[in-house]
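Take a look at the structure set out below.
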Amino acid sequence: MKEVRVRFAPSPTGPLHIGGVRTALYNYLFAKQHGGKMLLRIEDTDSARFVTGAEEYIIEALKWLGITIDEGVGTGGPHAPYRQSERKMIYKKFVDQLLAKGLAYIAFDTPEQLEEKRQLVANFQYDASTRMQMKNSLTLSEIELNDLLEKELPFVVRIKIEPAQDIVVHDLIRGEVKVNSSVIDDKVLWKSSDGLPTYHLANIVDDHLMQISHVIRGEEWLPSAPLHVLLYRYLGWEDSMPQFAHLPLLLKPEGNGKLSKRDGDKLGFPVFPLEWLDPKTCEKSSGYREEGYFPEAVVNFLALLGWNPGTEQEILSMEELIQFFCLEKVSKSGAKFDYEKGKWFNHKYLQEKSNEELAQLYSLVLKEKGIATSEATLITIVSLIKERSNFIADFWEQSAFFFQAPSAYDEKAVQKRWKSETPALMNELITVLESIANFSSSNLEETVKAWIAEKEHNMGAVMNAFRLSIVGELKGPHMFDIISIIGKEQTISRLKTAIKMIAV
Ligand code: GLU
């Protein structure tokens with residue numbers, strides 16, 4: 001196989017959608033597996049759709065996810081520039097080549113004339129069946145043509161598609177895709193108005209010049225592939241044509257239809273890797289990073305949307321993904337976007353993190369709340385609550401009672417667990433706790449349980465009321481771990497408050 005060189009070629013028309021991120025990831029995995037190169041090319045020839053900040057966003061998102069770029073915008077490389085708007089001069093000569101060979105032609109039809117035609121002819125398509133009725137270099141005399149060119153009337157260059165021919169696209173995922181050329185219109189390849197090529201021409205020229213070996217992209221580009229195959233043929237580059245692989249769509253969580261930003265808004269999950277502030281509308285869209293996802297979890301989650309290693313293993317590091325990834329095993333059908341599964345991945349990755357790292361991350365949250373605590377204590381707290389958390393942001397909910405006494409008591413729990421004899425029981429417990437010098441969790445447990453046994457108290461009655469007094473509700477880690485951390489004074493004070501506050 002020739003050197004693997006793949007590219008991620010987004011258009012900077014907005015924030016990178018999560019589907020685009022998966023495309024970038026699959027390109028990256030494939031490149032790394034084959035010891036090849038991953039390129040980032042910015043396809044910005046459509047100035048009307050350009051959005052400020054989109055390019056920076058794309059670069060930042062890839063960096064966050066650990067998808068490193070070997071060549072491209074932001075990195076540089078032997079084929080620089082990698083931003084198509086800066087490659088204007090490169091494309092023109094190929095346009096001229098196609099014109100000289102009669103494989104493309106110049107067309108002067110104005111948008112109004114084209115619209116008029118569309119109104120007149122049902123399903124109008126600019127192609128072999130209609131091009132001779134239009135205003136182009138095939139219908140104008142040489143004198144007329146030169147006259148218009150001299151007057152600098154705006155024109156476009158269109159590809160001239162031979163009708164009724166089978167075009168075959170060999171796709172590594174879908175196999176042979178056969179399309180009849182009659183369904184393809186004479187697409188615009190270049191515009192005199194800005195001297196820029198359209199997506200199709202720029203894409204092919206650059207893939208060729210940058211020696212791209214595999215084009216791995218979303219399914220939405222499959223309809224363009226036959227035209228691209230033709231362009232390779234017209235430009236005489238058939239022998240170096242890259243191999244195609246069109247990835248399945250990401251589908252809505254409920255199944256049918258393409259995953260959209262609206263699904264995310266409706267169901268409350270991000271569809272973008274990073275938060276995005278729309279420069280025009282000032283509308284903010286949430287991102288996986290800001291929602292507290294770990295980049296490794298997002299990568300793992302996305303990698304399995306449309307591909308699996310063929311084993312039960314679901315937790316896969318970037319290294320393992322690189323090792324196991326297989327383009328031929330990518331599914332043909334769409335992958336349902338299961339957001340809950342995304343949370344599950346984050347939960348799993350959170351468990352894998354060291355308590356030291358988690359404590360460090362949590363300390364930032366606490367600092368904002370103005371809560372100071374020792375590192376050692378925080379490490380212990382985090383070790384007790386991480387199993388119940390998907391995100392660092394869940395830590396507060398799971399551990400607030402370590403830092404502050406309850407301000408209210410869960411009503412249902414009170415009704416069920418706080419009986420007329422409870423205050424006396426809790427007062428007795430206070431006496432027991434007061435006598436304990438060694439406030440370690442194990443010693444506390446041993447002593448309190450010995451007292452319960454000796455007095456033949458009901459274990460549930462004591463422990464539930466105890467928890468209610470300390471936590472405010474019936475949740476949280478092991479009781480003796482909690483009180484060992486908050487200490488004797490705080491434990492007794494909370495018990496006294498509960499006795500006073502909870503009316504029977
Ligand atoms: N510029 C196209 C996009 O925005 C690239 C498609 C391709 O990879 O060929 O996705």
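Heavy atoms only: backbone and side chains are in, while hydrogens, waters and symmetry mates are out. All ligand and atom numbering here is 1-based and tracks the order in the structure. We number each residue from 1, following the sequence as shown. Values in this document were obtained by computation on a predicted structure and should not be read as measured data.
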Trace of the salt bridge (charged side-chain N to carboxylate O under 4.0 Å, His left out) decision for Arg289 with Glu60 | CA-CA 11 Å; Arg289 182 177 64 183; Glu60 197 182 334; 2.9 Å; yes
Please, which pairs that meet side chain to side chain donor-acceptor pair (under 3.5 Å) have at least one residue in residues 154-172, sequence neighbours excluded?
-> Asp171-His246
Report all protein residues having a heavy-atom distance below 4.0 Å to some atom of ligand 1; order the list by chain, then number.
-> Arg7, Ala9, Pro10, Ser11, Glu43, Tyr199, Asn203, Arg217, Trp221
Tyr57 and Val51: side chain to side chain contact (heavy atoms under 4.5 Å, CB included), yes or no, with the steps?
-> CA-CA 11 Å; Tyr57 178 98; Val51 172; over 6 Å; no
According to the side chain to side chain donor-acceptor pair (under 3.5 Å) rule, which pairs have a member within residues 293-304, sequence neighbours left out?
-> Tyr293-Tyr339, Glu296-Lys353, Asn300-Tyr349
Residues in side-chain contact (heavy atoms from CB on, under 4.5 Å) with Asn256, at least two apart?
-> none
Roughly how far apart are Leu16 CG and Glu55 CD, rounded to 0.5 Å?
-> 12.5 Å
